[in-house]
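Below is one structure, written out as structure tokens; the observations come after it.
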Amino acid sequence: MPSRVALVALAVAATTLAGCQNGKANTAQPAAVPAASSAPAASSAPAASGVAELSADKILKQAREALDEAGSYRAKGKMVQDGQKTEIDLKVDGKSFTGSLSFGGAEVELLVIGGKKYLRPNEKFWVMSAGAQQGKSMAQLIGDRWVAGVDDDKSLEDLFAIGDVDAVLKPTGKLSKGAEKEIDGVPAIALKDAADPDSTLYIATTGEPYPLRLTGKGGSALVFSDFGETFDDIEKPAADEVVDLGKLAGK
């Protein structure tokens with residue numbers, strides 16, 4: 001029967017391969033992927049919001065509050081770390097989210113809804129996480145169902161933190177303002193992190209001060225869009241689509 005050891009192995013591989021390190025999902029280094037921004041379009045010529053005149057810390061605070069007010073958003077992009085590219089696609093609605101990570105043929109879907117956590121890896125992910133024999137055994141047993149029973153597993157906290165906007169936007173060092181530029185046609189101001197000089201967060205300076213893009217090392221970037229949208233795919237899976245790993249392990 002599968003044990004918690006397999007899940008811990010999965011978590012170790014996930015947090016390493018997906019770039020989730022030091023308790024902060026490392027989404028501060030994701031990278032430019034074409035994506036329509038739902039921030040106000042430059043063609044509508046909205047007036048400057050005045051956010052660019054604020055301090056870097058206050059700009060970030062306003063961006064965080066703007067996301068709270070929107071209630072939902074999408075973050076999509078890629079992260080490059082040590083030559084490994086990870087594709088990221090997240091849809092966040094309050095404390096709930098659905099998302100996917102893919103790297104080197106391995107894929108894992110994540111879902112948090114109603115305070116419960118689920119994940120759905122493909123076979124390559126299981127194999128990379130638990131080894132060929134154990135991984136294939138887990139893949140055959142689980143199939144394309146969601147894995148539940150991981151809510152209290154501390155080893156998975158970094159993996160699921162990727163859907164936490166506070167973890168995504170939290171700087172690791174002192175913030176400072178950088179240059180102003182247009183991001184997908186929207187005027188924005190850069191915020192620089194002294195502890196991570198390769199990381200830049202761009203905040204819209206017209207309309208709502210939404211975060212627009214988070215860039216980083218190796219050509220990485222995460223693009224924010226779809227503010228305030230409804231995501232129908234954030235829904236609880238049916239009972240027959242879920243395997244509770246704790247119950248399988250006899251816990």
Side-chain angles (χ1 to χ4, degrees), residues 1-20 25-27 30 33 35 72-79 84-164 222 226 229-251:
M1 300 296 287
S3 68
R4 302 290 281 185
V5 173
L7 189 57
V8 171
L10 179 153
V12 171
T15 53
T16 299
L17 295 171
C20 302
N26 213 13
T27 45
V33 171
S72 62
Y73 66 92
R74 188 175 189 177
K76 185 177 181 180
K78 67 180 179 181
M79 191 203 71
Q84 174 72 59
K85 180 175 71 173
T86 300
E87 300 286 347
I88 301 168
D89 191 358
L90 299 173
K91 296 176 182 177
V92 181
D93 187 349
K95 296 295 184 181
S96 299
F97 79 89
T98 184
S100 64
L101 302 174
S102 60
F103 39 89
E107 298 179 4
V108 60
E109 295 176 74
L110 303 173
L111 175 65
V112 175
I113 187 166
K116 289 189 64 64
K117 298 176 181 177
Y118 305 85
L119 68 160
R120 182 161 60 183
N122 69 354
E123 180 175 316
K124 183 68 175 290
F125 192 102
W126 284 118
V127 169
M128 293 174 74
S129 303
Q133 184 174 352
Q134 179 79 348
K136 289 182 179 179
S137 175
M138 291 291 287
Q140 290 175 0
L141 178 65
I142 304 300
D144 62 355
R145 293 176 292 177
W146 290 95
V147 174
V150 299
D151 302 274
D152 299 323
D153 195 320
K154 299 298 184 182
S155 65
L156 290 174
E157 285 185 349
D158 284 351
L159 184 62
F160 281 95
I162 197 169
D164 180 354
L222 194 67
D226 298 322
E229 293 295 316
T230 298
F231 301 122
D232 294 332
D233 44 351
I234 302 180
E235 61 178 359
K236 183 179 179 180
D240 61 357
E241 297 176 344
V242 177
V243 175
D244 191 309
L245 205 64
K247 292 179 180 179
L248 283 177
K251 302 204 177 204

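By the side chain to side chain donor-acceptor pair (under 3.5 Å) test, E123 is found to be paired with no residue, residues two or more places apart in sequence or in another chain being considered. For D233, the side chain to side chain donor-acceptor pair (under 3.5 Å) test picks out K91, with sequence neighbours left out. Remark: N122 engages A106, E107, K124, F125 in a side chain to side chain contact (heavy atoms under 4.5 Å, CB included) (not counting sequence neighbours).
Contact detail for V127 and K136: the closest heavy-atom pair is CG2-CG, 3.9 Å. Residues S72 and D93 approach most closely at CB-CA, 4.0 Å, considering heavy atoms. The two residues M79 and I88 come nearest to each other via the heavy atoms CB-CD1, 4.3 Å. Nearest heavy atom pair, residue R120 against residue D144, reads CD-O, 2.9 Å. Here the closest heavy-atom approach between residue S96 and residue G114 is recorded as OG-N, 4.0 Å. The two residues W126 and V147 have their closest heavy-atom pair at CZ2-CG2, 3.9 Å.
From L101, atom CG reaches atom CD of E87 across 10.5 Å, with rounding to the nearest 0.5 Å. The line from CZ of R145 to CD of E241 is 10.5 Å long, rounded to the nearest 0.5 Å. Rounding to the nearest 0.5 Å gives a distance of 4.5 Å between CH2 of W146 and CD of E109. Within the model, atoms CD1 of I142 and OG of S137 stand 9.0 Å from one another, a figure rounded to the nearest 0.5 Å. For the atom pair CD1 (I234) and CG (L90), the distance works out to 9.5 Å, reported to the nearest 0.5 Å. Note: L119 CG to D153 CG = 9.5 Å, rounded to the nearest 0.5 Å.
In this structure, the side chains of F97 and F231 stay at 4.5 Å or more apart for every pair of heavy atoms.
Salt-bridge formation is detected for the pair D89/R74: a Lys NZ or Arg NE/NH1/NH2 atom is positioned less than 4.0 Å from an Asp or Glu carboxylate oxygen. A salt bridge is defined here as a Lys NZ or Arg NE, NH1 or NH2 lying under 4.0 Å from an Asp or Glu carboxylate O, and D151 with K116 meets this definition.
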